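First up is the structure itself, then whatever we jot down about it.
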There are 2 protein chains.
Amino acid sequence: MPNIKQIAKAAGVSVSTVSRVLNKHPYVSEAKRKAVEEAIERLQYARNMNAVHLIKGITQTVAVILPHINHPYFMRLMEGIASEALKHNYQLMLCQTGYNHDEEMKVLEMLKNKQIDGVIITSRSASLDQIEPYSAYGPILLCEDVKDRRLSSVYYDHYLSFQTAITFLWEKGHRNIGFTLNRLNNSSGRKRIRAYYDTLQMLGGNGRAEWMLDGYRDMKDSAAIFPWLHSLDERPTALLITGDEVAAGVLLTAPQYGFQVPEDIAIIGFDNQPISELLGITTIDIQLSIIGARAFAIIYKQITNRTVEPASENLQFKLIERKTV
Amino acid sequence: MPNIKQIAKAAGVSVSTVSRVLNKHPYVSEAKRKAVEEAIERLQYARNMNAVHLIKGITQTVAVILPHINHPYFMRLMEGIASEALKHNYQLMLCQTGYNHDEEMKVLEMLKNKQIDGVIITSRSASLDQIEPYSAYGPILLCEDVKDRRLSSVYYDHYLSFQTAITFLWEKGHRNIGFTLNRLNNSSGRKRIRAYYDTLQMLGGNGRAEWMLDGYRDMKDSAAIFPWLHSLDERPTALLITGDEVAAGVLLTAPQYGFQVPEDIAIIGFDNQPISELLGITTIDIQLSIIGARAFAIIYKQITNRTVEPASENLQFKLIERKTV
DNA sequence: CTGTTAGCGCATTCAG
DNA sequence: CTGAATGCGCTAACAG
């Protein structure tokens, strides 16, 4: 593997001239440019980007922390991030951490070590207090509502979305309302629980702890819903399910358990995944790929401007009424 | 940001001693090690990995080329890759290329530029002739059957899997068999088409060009199936659908079009995605996450051993009989 | 066990 | 427009 020096020699110029043509500087005579290009071609020269990264102090790479890719939520988020990164010719480091705290910290260390220019945290197990100090080394953006920190954020309002869904259910006549949490994100979970109780109280109803289900993420998790429903003295008539996959599972298995949707049990999902459209599931569209795209766009801007000002963006969601409520 | 030199000065040692403790070398006196560690802590030192990459010539990073993450097929492949990479403390560069030829070549250039140590190509639009020369710069692995090249591969036998599925359908009494292709991979598509005709002929039946459907990838693509079916003079009684999402879509929309599964139309899917289990779709389990894990394991070994010997691995698939045939 | 030294490959002043 | 010289931050002989 030849280096810039050998190219310089082969082309009969200095290394700086080679560097100039490599970086498309103006002020290089046509003759020398040609000579350099010819030498590069002939010797099969390839620039060693590690040297460039070292000297420039940036790597054109952003890391994305996510617990697991194998979930539609993160997948769509990631897709939005990737599409936007592509536009700016940036690379993405995919860090599947499985909510492992040490793995998350390792990624933050990579930022400190200048291996990456910024970090997008889609979900986390580390605390904000642990994360924040790393913002000294580069922009960090979380996909959740973060305020008063040197951290950026792109999110939708979990509280408001829950409120919207519950109010919708209430207006459709439901008084007994249950919901599932996926534990995808603890901070969002807490907000949702609060929204659940607040909203029902505001409407003159009541939330119940036994109508709250935790740990529902996948389609197959839905299998536990009906046994649980059967075990209840008083049942909810409507379920707010944070994830269309789970909602689809519930809808599809309902007949086996003798339930009709929405007659016996109404369902509202989250995310507006393709499956909810196909099955006609009423859902809250949180536009994940837009969240992802905005996340990257913001962090990219911060990298480019060397800004330390954190930015925050609250994205809109919308309720899509279909046939399960 | 302090560098190794300043740490050396602060600790009253030489840079090489600092480097030694950084790299956990033996032969460093306990006293100096402590002094260095103290200085590192006190000055908040962080190693610049770009310098390390430059000098060592490796980056502990592998790139994965995929057309789009937002598809269960690639997502599960990616998950297997990521899980294995985590074990070996390697980073993953996610390159969503959208089948854009230039983007694929850019990733290969990154290999040449020493930004990454190896490349996993899950699907491609570039030709093998274009890809192969880059193997001079680091191991390249494709998730398809590649032979007689300086490229590694992990795959399952598309031909055999199609043959298995068609034979199964045949044995269940089906004589008119159609199939969909997703175009996820042209080379696999060709093999499948060949398997389709060969197998039916071998069994004493006949394949028909008008029973072949191209471009079916997503759940919502399935919407076109029934109109197409209605347009046919003679219809297939069974459909081999390369992708459980599409199969699920077909299954779920069948009633609207007055079709019963499997009575009016039998369905066999591919991939054994969670949805096929939930819906009871007969499918071919190709164990995507294992393919991914093996892919990374092989390329990791090649990087570590600095082997240039390409490796090839043919993984097993299995037919899972459920209720749609 | 430790320090000195010579690069890794490149970009970038600063003089011409 | 061009080249010489300097250094990015670190590792690894090499000599003690």
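The sequence lines fix the lettering, A, B, ..., with proteins before strands; numbering per chain opens at 1. Keep in mind that what you see is a predicted model, and the values were worked out from it rather than measured.
Checked against Leu94(A) for a side-chain contact (heavy atoms from CB on, under 4.5 Å), the options Ile81(A), Ile65(A), Ile69(A) give a single hit: Ile69(A).
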Contact state string [nucleotides 6-16 of chain D, B base, S sugar-phosphate only, - no protein heavy atom under 4.0 Å]: -BBBBBBB---

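Side chains of Gln60(A) and His53(A): no donor on one and acceptor on the other come within 3.5 Å.
In this structure, the CD atom of Gln6(A) is 8 Å from the P atom of dG9(C), given to the nearest Å. Distance Ile7(A) CD1 to dG3(D) P: 15 Å, rounded to the nearest Å.
We find that Arg294(A) and Glu84(A) are not joined by a salt bridge, their nearest charged nitrogen and carboxylate oxygen being 4.0 Å or further apart. Salt-bridge check for Lys34(B) with Glu38(B): failed, with every basic side-chain N at 4.0 Å or more from each acidic carboxylate O. With respect to Lys106(B) and Glu109(B), no salt bridge is recorded, no charged nitrogen being found less than 4.0 Å from a carboxylate O.
For the helix from dC1(C)-dG16(D) to dG16(C)-dC1(D), the rotation axes defined at the first and last 5 base pairs enclose an angle of 40°, given to the nearest 10°.
By the side chain to side chain contact (heavy atoms under 4.5 Å, CB included) test, Val15(A) is found to be paired with Ile4(A), Lys5(A), Ala8(A), residues two or more places apart in sequence or in another chain being considered.
Look at Thr17(A) and you'll find a side-chain N or O under 4.0 angstrom from OP1 or OP2 of dG3(D).
A 6.0 Å sphere centred on CG of Asn305(B) holds more than 12 heavy atoms belonging to other residues, nucleotides or ligands.
Between Tyr27(A) and His25(A), the distance from one ring center to the other does not fall under 6.0 angstrom.
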